[in-house]
Structure formats: structure tokens, C-alpha cells
Amino acid sequence: MDMISEDKINSMSSMEKLRFVLDGVKSGNIVVLEGGLTPEEQMKLIELTMTEVNEDFPGIEMSGYPTKRGFLNLRRKTRLTVVGPAKVMRTIKKEKDLISAMISAI
Amino acid sequence: MKSKRRRKGILSRLIDALFFRKKTAKIGIYGPPNAGKTTLANRIIHTFVDENEDIGVSTEIPHETRRAVRRGGIIIDLKSKSVQNQNPTPHSKTEERKSKAKLKLDVVDTPGLATKIDFHEFMAYGLEEEEAKKRAKEATEGVIEAIKWLDDIDGIVLLMDATKDPYTQTNIVIVGNMEARGTPVIIAANKVDLADAAPQRIINAFPQHPVIPISALKGENMEELYEEMARRFR
Ligand SMILES: Nc1nc2c(ncn2[C@@H]2O[C@H](COP(=O)(O)OP(=O)(O)OP(=O)(O)O)[C@@H](O)[C@H]2O)c(=O)[nH]1
Ligand SMILES: [Mg+2]
């Protein structure tokens, strides 16, 4: 499991972040990002994933808390995002403030 | 006679220019695979365009739609339809003039969005291995196409299967992106004809957007969806 601090995430560009996450997941890791990915980044991650899906890599499982909204919806604050290989990670229960994931051996 | 008709033409064009937007709104039907997007798109076309025209095929196998398809120039005109809302829900009681709602739009039926596509899943539906792999490849391209289409979309109907857990990351990501872009979203809680449908779960999960329970297959509560579309996508 890779736990990535908010500082490290903030030092990366969007594309670097997505590449970093997807490379980690493709090598079998669960990647936990403190501070999370924005909805736009998550959509880009889905797109990037789809270009790399093949018979051995069916894709990703992604979980996260929705962005919190500030005053007048002007500021959005992303929170934790968890991304893992679809082959080993299953989100079993997901609520606004609770994520339970099951991880099985490959 | 001739000139009279001509004048009428100018008049109605003037009315059109005054009351309807010049640019036709492009409305995307989005959602996870198998939510009923093509079923809904077909129903809209059957009701307002042509009973015999289909935008695409709907089946119980996921990722049936693997190319986005647009049908242009659909006029949702509730005045010409007999609008009877027998059991109005809290959403519908607001506006008086709603039954006169009219909206011109293009409907885009999109491939289901997913974070994973496993060809084994298609084999479980009886497809041969080669066919399943081909379908998986096309499905990945379909997801990318659906995402790319978002750039050209003026509003979305996000369809969810009301018998399933709505709180999935794909649903959250779609909603989050629309909010970031300021694009209007209507959530349709589909398949309410099924006994285990729980539209309330969807309402609880996405309280910031209108949720309309419908059955695209049986045609239940469609008027309320059309009214909401006319209201939001105008
Ligand atoms: N019971 C019930 N079944 C429905 C309803 N709407 C669609 N279905 C069924 O759900 C299945 C999937 O419908 P589609 O319209 O193909 O779904 P889709 O979202 O276009 O699916 P993809 O193109 O694969 O992403 C089909 O078997 C439909 O008959 C509904 O309102 N009620
Ligand atoms: Mg379809």
C-alpha cells in the first residue's frame, strides 16, 4: 500500500499525479492520497485507465469522499481518495463518511 | 392565401426567436452500464419524434452502447401531450405553467461509464472469448468517448438503477464534474417498476440535485422528468 501525503501530491502536476497513481495501481498497489483528487482529476484518471485496460489489467477501483464545499460553493476541498487494482480491491460499503474496502490477495 | 401563410411563418419564427433559445441544447444521457440510458433515449424519441425510430439497442448485457449517438431536433412539447400527473411528488407542485413546457433539444445516448472493464464478465453472458475481448476493447473506447462528449454537453440526465447502490465513485465523479462546470444535472432514478427499487437512497445520496423516480421501460412518471428537463435545460 502506498500512502501519499498531501505535500507530495501538491508538488506534482495533475498529469504526474495520475501517472503516479496508475503506475502504482498497475504494479498491484493500493494508493491512498491524502487530500485526494478533484472530480476533474478522477474523470481524467478514468479516461487514462481506459486507454490502458487490457486482458491482464481490467481497470481500477476508486473510492473517495465527495468534495466539501465552502461558502457559496466557491471553494471546493477534496478529501481522501483511494485507488486500487480492480482485480484485488472491492468497495463493499460506502457512505458519506465511511468507506469499507475489501482487499484480496492476487 | 399564400401571403397569409407567409406572414404566419414570419410571426411564428418571431415567436420562436423570442421564446426559445437559438442554440439547441445538447442533453447527454449518462450513467453506469445497464442503467437504462438507451431505453430512456428510445422512449423520448418514440414519444416526441417517431414511434418506430430507435437511437440504439438495449440489452441486459452491460456496455451494449459503445459509441455515443446523437439525435437532433427533438421537441419536448408537453402541451400537445395529454399531461396527467396523477400522483404529484414534492418536485412537481412548484410551477403552474409547467404543463405548457416546451423545449427543443438534441439527445445524446452515451456508453456507460465504468472504472473497470473485464472481458470475463461478458463471457458470463454467453459471449465467446474472442467476442468478449473485442467488446471489452470497444467498451473502453466508449467510456473515453462518453467523457469527451461532456465538453459539448449543455445538461445531463444522470440515470441510475434504483435497485442498486447509488453511492458509487463513478456517480460521484460525474456529479462532481458537472458541478465544477456548472452544467445542470437531473438525476433519474430508473427501474422503479421493480419491487426492490429504492429511489429514496438516491435522493439521500445526492440531495443537491433533483431526483425523479421513473421507469424508462414501463413509461412511469415520464411527464415529471420532461417537466424537470424543460425547467432545467431551457
Ligand atoms: N425493469 C426495468 N428494466 C429496465 C428499465 N430500463 C431499462 N431496463 C432494462 O435494463 C437493461 C439495460 O437497459 P439499456 O437501455 O440497454 O441500458 P444502458 O444504460 O443503455 O446500458 P449500456 O448501453 O450497456 O451502458 C435492459 O435489459 C432493459 O430492458 C426499467 O425502467 N425497468
Ligand atoms: Mg445503451
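Residue numbers begin at 1 in each chain, while the letters A, B, ... track the order of the sequences.
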## Note on the structure
Heavy atoms of Pro39(A) and Gly176(B) approach each other most closely as CB-C, 3.6 Å
### Closest non-hydrogen atom pair between Thr49(A) and Thr115(B), with its separation
CG2-O, 3.9 Å
### Query
So which of Leu45(A), Ile46(A), Thr51(A) has the largest heavy-atom pair count under 4.5 angstrom toward chain B?
Ile46(A)
#### Entry: Among the listed options Leu150(B), Leu113(B), Val143(B), Ile174(B), the residue most often paired with chain A at heavy-atom distances under 4.5 Å
Val143(B)
### Query
Between Arg181(B) and Glu40(A), does a salt bridge (charged side-chain N to carboxylate O under 4.0 Å, His left out) hold up when you go through it step by step?
CA-CA 10 Å; Arg181(B) 290 166 190 238; Glu40(A) 293 95 323; over 6 Å; no
### Message
Could you check whether atom CE of Met3(A) has more than 12 heavy atoms from other residues, nucleotides or ligands sitting under 6.0 Å from it?
### Response
no
### Task
Against chain A, label Lys137(B) side chain, backbone, both or neither, depending on which of its atoms sit under 4.5 Å from a heavy atom there.
neither
### Query
Is the count of non-hydrogen atoms from other residues, nucleotides or ligands lying under 6.0 Å from Lys26(A) atom NZ greater than 12?
yes
### Message
Side chains of Lys148(B) and Glu47(A), heavy atoms from C-beta outward: is any pair under 4.5 Å?
### Response
yes
### Message
Please classify the contact between Ile117(B) and chain A as side chain, backbone, both or neither, with a heavy-atom cut-off of under 4.5 Å.
### Response
both
### Query
Would you say Gln208(B) has more than 12 foreign heavy atoms packed within less than 6.0 Å of its CD?
yes
### Query
Lys116(B) versus Ile60(A): any side-chain heavy-atom pair under 4.5 Å?
no
### Message
Just verifying a value: how many Å separate Lys44(A) NZ and Ile147(B) CD1, rounded to the nearest 0.5 Å?
### Response
8.0 Å
